[in-house]
Amino acid sequence: MYFEILRPYLIMLCSFRYARILIGFCCFLAAMAIYLSIWVAPSDFQQGENYRIIYVHVPAAWMSLLIYIAMAISSVLFLLTKHPLFQLFSKSGAKIGALFTLFTLLTGGFWGKPMWGTFWVWDARLTSVLILFFIYLGVLRFQQFSVDVASIFICIGLINIPIIKFSVNWWNTLHQPSSISQFGTSIHISMLIPILLILTSFLCLSGIFFILETRQIILSFSSFSVKSQINPQNNNRKQVSFYTDNRSSKST
């Protein structure tokens, strides 16, 4: 199966044209979100100023789930088509997703310390997110040995996503239920807008990381192919020079 839009030439051309626009848009969204979350959004009447960590904690948690779902889709497409770009997306997504998951765990610990009195509890939500982090690390490890095995492992690990999502509903946990769902939100609009802005900036940041790594890998493959074409010529030249030297030495 052939995808015209996934040709390396088109990827390099489009990424060169739109990468700077994406970087500028990401910086603009991040600046707006920081301003709204610090100086515009009011304090929480129960948690005080400590609640402001949710402006980065919640979008990072969403990103860790969204990236894994995108990785699972890419893995299925790779198993069906064997297109190398889907393998590249899974590889880049595992790195980015692991960073967002680790950031989620760290910010959650800093939020839980003043609320629960400890940085970590074996809560259902926290434990399932920790398992997701280990799954990301496992994907990175499997990709060093077999891409097919890593893709299958990603698809199996998809089982953990609904566990993370509904763990606060299935078990009695310390973690608060989701304030935003498909049925609406209980968060005030002044608090919701910065969260959505940071989520969008995280999406742009993930796209920038993916573009940079894609360009680097394409350039590395291009330089490798050029070297592989040059080296045989050098070897032939060395053989010719060696042959002529031997003949000249014998004649003398």
- Given side-chain contact (heavy atoms from CB on, under 4.5 Å), test Ile193 with Met32 step by step and report yes or no. CA-CA 10 Å; Ile193 291 178; Met32 288 293 298; over 6 Å; no
- May I have the step-by-step check of side-chain contact (heavy atoms from CB on, under 4.5 Å) for Phe145 and Val149, ending in yes or no? CA-CA 8 Å; Phe145 300 100; Val149 174; over 6 Å; no
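- Met63 and Leu203 get closest at one heavy-atom pair: SD-CD2, 3.5 Å.
- Side-chain contact check for Gln143 versus Ser90: some heavy-atom pair is nearer than 4.5 Å.
- Annotation: side chain of Ile135 is not in contact with side chain of Thr101 (no heavy-atom distance under 4.5 Å).
- Atom-to-atom distance recorded for Leu22:CG and Ile208:CD1 is 4.5 Å, nearest 0.5 angstrom.
- Atom CG of Leu80 and atom OG of Ser75 lie 11.0 Å apart (nearest 0.5 Å).
- Under the 4.5 Å side-chain heavy-atom criterion for grouping Ile, Leu, Val, Met, Phe, Trp and Tyr, Val139 is not connected to Leu66 through any hydrophobic cluster.
- One N or O on the side chain of Arg125 and one on the backbone of Lys165 form a donor-acceptor pair closer than 3.5 Å.
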- Message: Does Thr127 form a side-chain contact (heavy atoms from CB on, under 4.5 Å) with Leu130? I'd like the steps, not just the answer.
- Response: CA-CA 5 Å; Thr127 304; Leu130 181 63; 5.5 Å; no
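- Rounding to the nearest 0.5 Å places OG1 of Thr81 at 10.5 Å from CD of Gln87.
- Residues meeting the ring-ring contact (aromatic ring centres under 6.0 Å, His included) test with Phe110, sequence neighbours left out: Phe119.
- Pairing each heavy atom of Ile67 with each of Gly93, the nearest pair is CG2-O, 3.3 Å.
- Closest non-hydrogen pair, Trp62 versus Leu199, comes out as CE3-CD2, 3.5 Å.
- Counting only heavy atoms from C-beta outward, the side chains of Phe202 and Ile198 approach each other to under 4.5 Å.
- Side-chain atoms of Met191 and Tyr55, non-hydrogen and from C-beta on, do get closer than 4.5 Å to each other.
- Here the OG-CG distance, from Ser128 to Leu132, works out to 8.0 Å after rounding to the nearest 0.5 Å.
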- Task: Tell me, with the steps shown, if Ser151 and Val147 meet side-chain contact (heavy atoms from CB on, under 4.5 Å).
- Result: CA-CA 6 Å; Ser151 300; Val147 180; 4.3 Å; yes
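- Residues satisfying the ring-ring contact (aromatic ring centres under 6.0 Å, His included) test with Phe103, not counting sequence neighbours, are none.
- Between atom NZ of residue Lys95 and atom CG of residue Leu137 there is a gap of 13.0 Å, rounded to the nearest 0.5 Å.
- Remark: side-chain polar atoms of Ser92 are not paired, donor with acceptor, to backbone N or O of Phe89 under 3.5 angstrom.
- Remark: Phe153 CZ is packed, more than 12 non-hydrogen atoms of other residues, nucleotides or ligands lying under 6.0 Å away.
- Taking each heavy atom of Ile195 and Pro59 in turn, the nearest pair found is O-CG, 3.6 Å.
- The SG atom of Cys204 lies 12.0 Å from the CD1 atom of Ile21; values are rounded to the nearest 0.5 Å.
- Looking at heavy atoms from C-beta onward, Ile154 lies out of side-chain contact with Val76 at the 4.5 angstrom threshold.
- Between the side chain of Thr104 and the backbone N or O of Ala61, at least one donor-acceptor pair lies under 3.5 Å.
- The shortest heavy-atom contact between Ser74 and Phe86 is OG-O, 2.7 Å.
- Atom CZ of Phe133 is surrounded by more than 12 heavy atoms from other residues, nucleotides or ligands within 6.0 Å.
- A donor-acceptor contact shorter than 3.5 Å is absent between the side chain of Tyr136 and the backbone of Leu99.
- Side chain of Asn160 to backbone of Ile131: no donor-acceptor contact under 3.5 angstrom is found.
- Contact between Ser64 and Phe100 at its shortest, heavy atoms only, is N-CB, 4.2 Å.
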